[in-house]
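Report on the following structure.
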Amino acid sequence: MLRENLQPSTIIMIKNDLYLKALRGETVERPPVWMMRQAGRYLPEFIALRDQYDFFTRCQTPELASEITVQPIRRFPLDAAILFSDILVVPQAMGIDFKMKESVGPWLDNPIRTMEDVQNVAVPDVNDTLGYVFDAIELTLHKLDNEIPLIGFAGSPWTILCYCVEGKGSKSFDIAKSFCFQQPEAAHLLLQKITDTTIAYLKRKVEKGVSAVQVFDSWGGMLSPADYQEFSWQYINQIVEALSPLTHVVVFGKGCWFALEDMTNSNASALGVDWTVSPEMARKLTNNSITLQGNFDPARLHSSPETIKKMVTEMISRFGKDRYIANLGHGILPNIPVENAEAFIRAVVDWKPNN
């Protein structure tokens with residue numbers, strides 16, 4: 001498979017292009033497989049690095065981010081790697097000083113709550129503020145040696161706004177939602193600033209050599225369908241429109257089954273779905289016209305390896321092998337046994353049409 005970067009003179013051959021074939025809607029022998037958060041806390045080698053370096057040090061040190069990215073690739077026959085990073089590096093680059101607080105998670109000492117706060121948020125030169133990410137891409141591509149594609153990612157503007165306004169994680173993000181409803185002008189200005197920064201960030205990732213990008217809308221399901229259109233989808237679609245001429249764009253909205261029809265009519269190459277929508281309903285809502293990714297419940301990886309294999313085989317049968325990327329319906333949980341993660345991956349890799 002030949003893939004062109006933004007520079008027309010640079011052509012790279014990727015040996016295992018199954019993931020890219022699925023994004024293009026081509027016929028495949030089996031679905032490709034990767035796992036969201038596959039470079040993460042369930043791996044003992046990741047835990048060893050976590051015990052030495054704090055979270056954002058791992059994100060901001062190219063050598064560490066690159067090493068973490070390839071850790072699962074050394075263990076498992078995955079069809080794609082995803083660069084180790086975090087969605088909050090984008091607001092950090094915009095001058096929003098997120099920390100990772102022990103036993104709390106993302107933490108902002110001074111959340112954004114007013115129009116003045118929003119006006120003080122910068123739209124940075126990503127080359128200056130996020131250069132460490134681009135350096136990590138270079139190191140990772142060298143390690144991957146064109147064996148499999150590398151995926152770049154970013155959070156959706158809405159999901160990032162949730163953290164910026166709430167100041168931490170939340171089960172409902174009521175403060176963030178109230179901000180949008182009470183100060184819509186400020187909310188839309190913040191969303192646009194995040195969108196503009198994200199577009200520049202993802203374009204640069206493509207220039208550095210990623211084969212596809214994924215937008216994670218982790219908290220889109222917190223919104224009603226009408227509010228989703230206003231505060232989330234229109235901004236995600238700006239990203240899709242800006243990036244789709246350059247690379248494949250995958251959109252994953254957790255709990256956003258109600259938006260699948262609109263997403264299908266965009267220029268996205270694929271849509272991620274979680275476990276709350278059946279494969280049949282996801283195909284129906286998307287008119288069987290776009291590649292789907294998902295939707296194994298991450299908690300189901302606590303099942304026995306035998307049960308996991310059976311369920312994965314059934315999942316592929318229900319989605320169909322073409323226009324499909326096997327994945328979880330959200331990120332892998334930190335307490336999943338490594339052998340269970342491997343059972344999930346190998347069930348896809350060993351899948352045959354007569355399974």
Side-chain angles (χ1 to χ4, degrees), residues 1-17 19-24 34 39 58-70 73 79-94 122-157 160 192-216 235-252 266-270:
M1 201 290 298
L2 296 182
R3 170 174 63 81
E4 292 192 25
N5 281 350
L6 289 183
Q7 300 87 349
S9 60
T10 305
I11 299 178
I12 298 172
M13 179 172 286
I14 295 178
K15 295 164 191 171
N16 173 0
D17 64 341
Y19 170 73
L20 300 176
K21 283 181 176 177
L23 289 177
R24 294 195 298 265
W34 68 279
R58 280 173 267 144
C59 290
Q60 295 167 0
T61 306
E63 293 78 9
L64 292 175
S66 174
E67 168 62 21
I68 292 167
T69 300
V70 300
I73 309 307
D79 297 304
I82 184 165
L83 187 73
F84 177 76
S85 187
D86 192 76
I87 65 171
L88 296 180
V89 301
V90 167
Q92 281 181 331
M94 300 171 72
V123 176
D125 181 335
V126 296
N127 293 297
D128 293 337
T129 56
L130 290 162
Y132 59 86
V133 177
F134 312 133
D135 290 344
I137 290 172
E138 286 190 3
L139 290 173
T140 303
L141 289 173
H142 179 74
K143 290 176 181 177
L144 292 176
D145 194 25
N146 300 322
E147 289 289 339
I148 56 174
L150 178 63
I151 305 167
F153 73 91
S156 75
I160 291 175
Q192 191 60 57
K193 286 186 172 188
I194 297 168
T195 301
D196 294 344
T197 304
T198 301
I199 288 171
Y201 175 55
L202 292 178
K203 280 185 174 180
R204 187 67 178 136
K205 284 188 173 184
V206 175
E207 290 173 354
K208 297 300 284 189
V210 302
S211 294
V213 296
Q214 179 159 318
V215 179
F216 285 85
Y235 295 100
I236 292 175
N237 199 41
Q238 284 186 44
I239 298 169
V240 173
E241 287 297 304
L243 271 295
S244 58
L246 311 175
T247 193
H248 296 289
V249 184
V250 181
V251 177
F252 170 64
S266 75
N267 284 317
S269 293

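Here CD1 of Ile236 is found 11.0 Å from CZ of Phe252. Values are rounded to the nearest 0.5 Å. Atom-to-atom distance recorded for Ile73:CD1 and Ile148:CD1 is 3.5 Å, nearest 0.5 angstrom. In this structure, CD1 in Ile87 is found 8.0 Å from CZ in Phe153, a value given to the nearest 0.5 Å. Separation of atoms CG (Asp79) and NZ (Lys21) is listed at 11.0 Å; rounding is to 0.5 Å. In this structure, Ile68 CD1 and Ser66 OG are separated by 9.5 Å, a value rounded to the nearest 0.5 Å.
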Inset, instruction - Test Arg204 against Lys208 for side chain to side chain contact (heavy atoms under 4.5 Å, CB included), laying out the working first. - result: CA-CA 6 Å; Arg204 187 67 178 136; Lys208 297 300 284 189; 3.8 Å; yes
Inset, instruction - Please test Thr195 against Thr198 for side chain to side chain contact (heavy atoms under 4.5 Å, CB included), starting from the C-alpha separation and ending with a verdict. - result: CA-CA 5 Å; Thr195 301; Thr198 301; 5.7 Å; no
Inset, instruction - Determine, stepwise, if the pair Leu150 / Thr69 fulfils side chain to side chain contact (heavy atoms under 4.5 Å, CB included). - result: CA-CA 9 Å; Leu150 178 63; Thr69 300; 4.1 Å; yes
Inset, instruction - Please report the C-alpha distance between Ser211 and Leu20 in whole Å, then the side-chain angles of each, then the deciding distance to 0.1 Å, and finally whether the side chain to side chain contact (heavy atoms under 4.5 Å, CB included) criterion is met. - result: CA-CA 8 Å; Ser211 294; Leu20 300 176; 3.9 Å; yes
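No side-chain heavy atom of Ile194 sits under 4.5 Å from any side-chain heavy atom of Tyr235.
In this structure, Phe134 and Tyr201 have tilted ring planes: the angle between them lies in the 30° to 60° band.
Between Asn127 and the choices Thr129, Leu130, Asp125, the side chain to side chain contact (heavy atoms under 4.5 Å, CB included) rule is met once, by Asp125.
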